[in-house]
Number of protein chains: 4
Amino acid sequence: MGRTLDVDKHREKSQQILDAAWRCFVRDGFRGASTTDICREAKISPGHLYHYFPSKEAIVEALIEKSLQSIASHFDGIAQEEDVIQSLLSKVHEGFGKPYRPNMLLNIEMLAEASRNPSIAKILQRYTQRMRSLLADRLRDGQERGQVDRQLDPDLAATILIGLVDGVRGMAIKDPSLDTAKTVELLKSLMTRLVAPEASKNAPSDQPKKRVLNVR
Amino acid sequence: MGRTLDVDKHREKSQQILDAAWRCFVRDGFRGASTTDICREAKISPGHLYHYFPSKEAIVEALIEKSLQSIASHFDGIAQEEDVIQSLLSKVHEGFGKPYRPNMLLNIEMLAEASRNPSIAKILQRYTQRMRSLLADRLRDGQERGQVDRQLDPDLAATILIGLVDGVRGMAIKDPSLDTAKTVELLKSLMTRLVAPEASKNAPSDQPKKRVLNVR
Amino acid sequence: MGRTLDVDKHREKSQQILDAAWRCFVRDGFRGASTTDICREAKISPGHLYHYFPSKEAIVEALIEKSLQSIASHFDGIAQEEDVIQSLLSKVHEGFGKPYRPNMLLNIEMLAEASRNPSIAKILQRYTQRMRSLLADRLRDGQERGQVDRQLDPDLAATILIGLVDGVRGMAIKDPSLDTAKTVELLKSLMTRLVAPEASKNAPSDQPKKRVLNVR
Amino acid sequence: MGRTLDVDKHREKSQQILDAAWRCFVRDGFRGASTTDICREAKISPGHLYHYFPSKEAIVEALIEKSLQSIASHFDGIAQEEDVIQSLLSKVHEGFGKPYRPNMLLNIEMLAEASRNPSIAKILQRYTQRMRSLLADRLRDGQERGQVDRQLDPDLAATILIGLVDGVRGMAIKDPSLDTAKTVELLKSLMTRLVAPEASKNAPSDQPKKRVLNVR
DNA sequence: CATGAATGAGCTTTCATTCAT
DNA sequence: CATGAATGAAAGCTCATTCAT
């Protein structure tokens, strides 16, 4: 009982530290944020940090793990809706908009870090695989229902879809004047076209496509 | 004459240092690579580096500028071909494949750095604008010729296209088992569908699309 | 209690570092002494110095502040004696003599540093003002009692007195063979003449002036 | 002949470098100014500096030597006037006033440097001795003519006089609001009193002393 | 559980000086 | 006479981590 409480408290404190680290990493990046910064943000002493995490890298790993878990759980929701394409598009909005910018920045940090740090690469790859599987399964569902092009390789398409959303999200840095709303609309249209079956590609779903594209 | 030679030599040496820095930054990232590393790689003494660049950041900036310039010059080639869509697709291949992995890694580094360093953000934004303009102009050409959907906002579409390629390139880190050839094929197909006019979206160009998609 | 002890210990350690810095600065000057020197002298590691002071300049400032405070507190004593002139002269001895040479050297360093470093100039000016005020007040007292020339501007006279003592102290460097005892005697005589009222300037106090001046 | 021209040119260039160094040292101090700074100011290349001076210290030494020589030559003028006291006072003005501030700053630098660097100490001491001798000789002249107190030790008095002027000059740093004109007046009065013979100490010369002192 | 003192390697940068041309 | 490329030691400072309390 007491043991359980201790474990809970320990977990809670770890969480507080991770929250502080999240803020620091978003602000300064994995390399740019120092353990001192994190401790100050978490309001603990520098020595105490090592009571909860054996190293700075462990913090980064835990943070990435947690962050990806949260994103992946968003994907889980996909499986429950009826219309495959609609359920897919409904998730797109979430990655855009101001409050998601921190996550986007962390995503880029993760990519940068994973390209150099094998243990972080593994985490990233594990979650990517999981999310891609979920997406691919959904696409397969759609193919069975005739909502998705049967000639598409679901795994490959899922990969491309993830890359597409990631890449367009990153454009916010390359072009700060980007109009998010219009971007999301065109992005959705593009995703629809990617997965829609041949026959319906002229009129993908009931989406009022013409208005969407007519943005000039 | 002697003066010209001196300037040439200076430029050559600067270039050698940038080359060394490129290797270090690809290997360890902008923050991860130290000036000492760069000097060792360039085979110069630590002090001598500052004969050519006033700071480490100046090296990063010069490198990014040069790298983006080289990429942008690739884009310039787009303007010369007849078929808009074909000229666009022909450029896609180049971003994939093993020898381009370093550039992809640097691209991610740039994004990460630009999100925190305003002066680097500016460089990135300047070149992004330039490349997007070139692409958008090409799309406008295509629209006039009936090769590109007239309802498309060229600027927005160009932005999405860049993001799409960037994002899919980054998937190589998230999923190392990715089949590059197939990915490129699907990517091209997707790009074609994005820009193709309504009428031809069932049969985009002479590309044997069905085989392409039938990848299972 | 524990908190108080901690603060005390911190202050004590800071003091030890300042003592070490004092030795280094006296030996090599503010610029000539390195933080490494100070750490070696204080027997701490190079990084630990920054646990107590945010920068080398902060050490210099703290040291100057402390040093001037100590000198200023000497001046405070002036206010208590009866005979204004005697109390003034009694303080002169202290600035001369071998054990005071380090302070004299630091005084010169301060002047040199203050002429370039505004934040140190401010400290020096603040304390100068304070000491001059004390001196000027004493002179005003003397004027009321008829011990000091009523035509003298107390503030200006105080400034000159400080400059006089400083300058003569510095002569120890320009002329190492200087006879300190005789110098102090003549200095005192000069100071007496500066402040003494017109009437007594031929026979300043009960001091056997003739012997004092007859130093050949 | 050509040899002579060469020597002249060499001397001229050395002089230009010393002038540049003077500006740098006044601005940043002996330690604060780098050889690079001096070269930039003198518009020569870093390597070329060592064609004229074997080291930075040699520049400092040459500069100090030259500077003191110039000051000493001012003192030489003292010997020619009739009234000892007047000739002495006439020199005081020169050390004050804005255009002399650089020399005052260098004076402090010299003192600081001499306290650590024996070879510079020697130069300073040599010139101090020379100037003190000149002053002392003048005082001896005055004693013979009855213009100067016969009980005064000329050497000691000369030393004190130099220190007095130096010290008061330095007060400009400790108190930037100092009124130079009034300071000089009081300083002159003090110097007069120091050297004037007993009999005349109540009425030192024809100087309108009362107005001078009545500055409240 | 918690502190903060302490470490030492490593960072970017500066500097006086030397050398090849 | 003149350049500027080149050196390498040392500077002030930061950092992840450890340890005594």
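So that the names make sense, note that chain A is the first sequence line, chain B the second, and so on, each numbered from 1.
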Report, one pair per line, the protein and nucleotides 19-21 of chain E atoms (nitrogen or oxygen only) whose separation is under 3.5 Å.
none

Length of the line joining I44(C):CD1 and dT7(E):P, which is rounded to integer Å
7 Å
Counting only non-hydrogen atoms, which of residues 111-122 of chain B are less than 4.0 Å from DNA chain E?
none
Within the 4.5 Å heavy-atom criterion, are Q15(C) and D19(C) side-chain neighbours or not?
yes
Tell me, do W22(C) and P102(C) make a side-chain contact under 4.5 Å, heavy atoms counted?
yes
Scanning both residues in full, the closest heavy-atom pair of S55(A) with Y50(A) reads CA-CE2, 4.0 Å
Dot-bracket pairing map - DNA chain E, Watson-Crick plus G-U, both contacts under 3.5 Å, | cross-strand
.||||||||||||||||||||
Nearest-0.5 Å distance, CD1 of residue I64(C) to CG of residue N107(C)
10.0 Å
List the atom of S115(C), the atom of I173(D), and the distance in Å for their closest heavy-atom pair.
CB-CD1, 3.8 Å
Any heavy-atom pair between the side chains of Y52(B) and K13(B) that's under 4.5 Å?
yes
Round to a whole Å and report the spacing from CG of D37(B) to P of dA9(E).
17 Å
For Y52(A) and dA2(E), is the shortest distance between a side-chain N/O and OP1 or OP2 below 4.0 Å?
yes
Phosphate-side-chain proximity, S45(C) and dT7(E), N/O vs OP1/OP2 below 4.0 Å:
yes
Rounded to whole Å, please give me the gap between CZ in R40(C) and P in dA10(F).
10 Å
CG/N103(D) to CE/M110(D) distance, rounded to the nearest 0.5 angstrom?
7.5 Å
Give a yes/no on whether any side-chain N or O of K13(B) is located under 4.0 angstrom from OP1 or OP2 of dA6(F).
yes
Salt-bridged, K122(D) to E61(D), with N to O below 4.0 Å?
no
Do the side chains of L111(A) and K174(B) get nearer than 4.5 Å, heavy atoms only?
yes
Comparing P46(C) with L49(B), nearest DNA chain E nucleotide closer to 5' gives the residue P46(C)
Residues in residues 22-36 of chain A with a heavy atom under 4.0 Å of DNA chain E, by number, are none
Closest heavy-atom pair, R116(D) versus A112(D), reported as atoms and distance to 0.1 Å, is NH1-O, 3.3 Å
So, S70(A) side chain and K66(A) main chain: donor-acceptor pair closer than 3.5 Å or not?
no
Value for CG (L68(B)) from CG (L106(B)), rounded to nearest 0.5 Å, stands at 9.5 Å
Taking atom C1' of dG4(F) as reference, at what distance in whole Å does atom CG of D8(B) sit?
16 Å
Quick one: does V60(D)'s side chain get under 4.5 Å of F53(D)'s, heavy atoms only?
no
Of residues 54-62 of chain D, the positions that come close to DNA chain F - non-hydrogen atoms, cut-off under 4.0 Å:
none
Expressed in angstrom and rounded to an integer, what is the separation of K43(D) atom NZ from dT3(F) atom C1'?
17 Å
Between E65(A) and R126(A), is there a salt bridge with N-O shorter than 4.0 Å?
yes
Could you give the distance from CD1 (I17(B)) to CG (L63(B)), rounded to the nearest 0.5 Å?
12.0 Å
Scan the side chains in residues 26-40 of chain B for donor-acceptor partners under 3.5 Å anywhere in the protein, sequence neighbours excluded, and list what turns up.
{"from": "R27(B)", "atom 1": "NH2", "to": "E41(B)", "atom 2": "OE1", "distance (Å)": "2.9"}
{"from": "R31(B)", "atom 1": "NE", "to": "E113(B)", "atom 2": "OE1", "distance (Å)": "3.4"}
{"from": "R31(B)", "atom 1": "NH2", "to": "E113(B)", "atom 2": "OE2", "distance (Å)": "3.2"}
{"from": "S34(B)", "atom 1": "OG", "to": "T36(B)", "atom 2": "N", "distance (Å)": "3.4"}
{"from": "S34(B)", "atom 1": "OG", "to": "D37(B)", "atom 2": "N", "distance (Å)": "3.0"}
{"from": "S34(B)", "atom 1": "OG", "to": "D37(B)", "atom 2": "OD1", "distance (Å)": "3.4"}
{"from": "S34(B)", "atom 1": "OG", "to": "D37(B)", "atom 2": "OD2", "distance (Å)": "3.3"}
{"from": "D37(B)", "atom 1": "OD2", "to": "S34(B)", "atom 2": "N", "distance (Å)": "3.1"}

Does dT14(F) have OP1 or OP2 under 4.0 Å away from a side-chain N or O of Y50(C)?
no
Using whole Å, what does the distance between atom P of nucleotide dT14(F) and atom CD1 of I38(A) come to?
17 Å
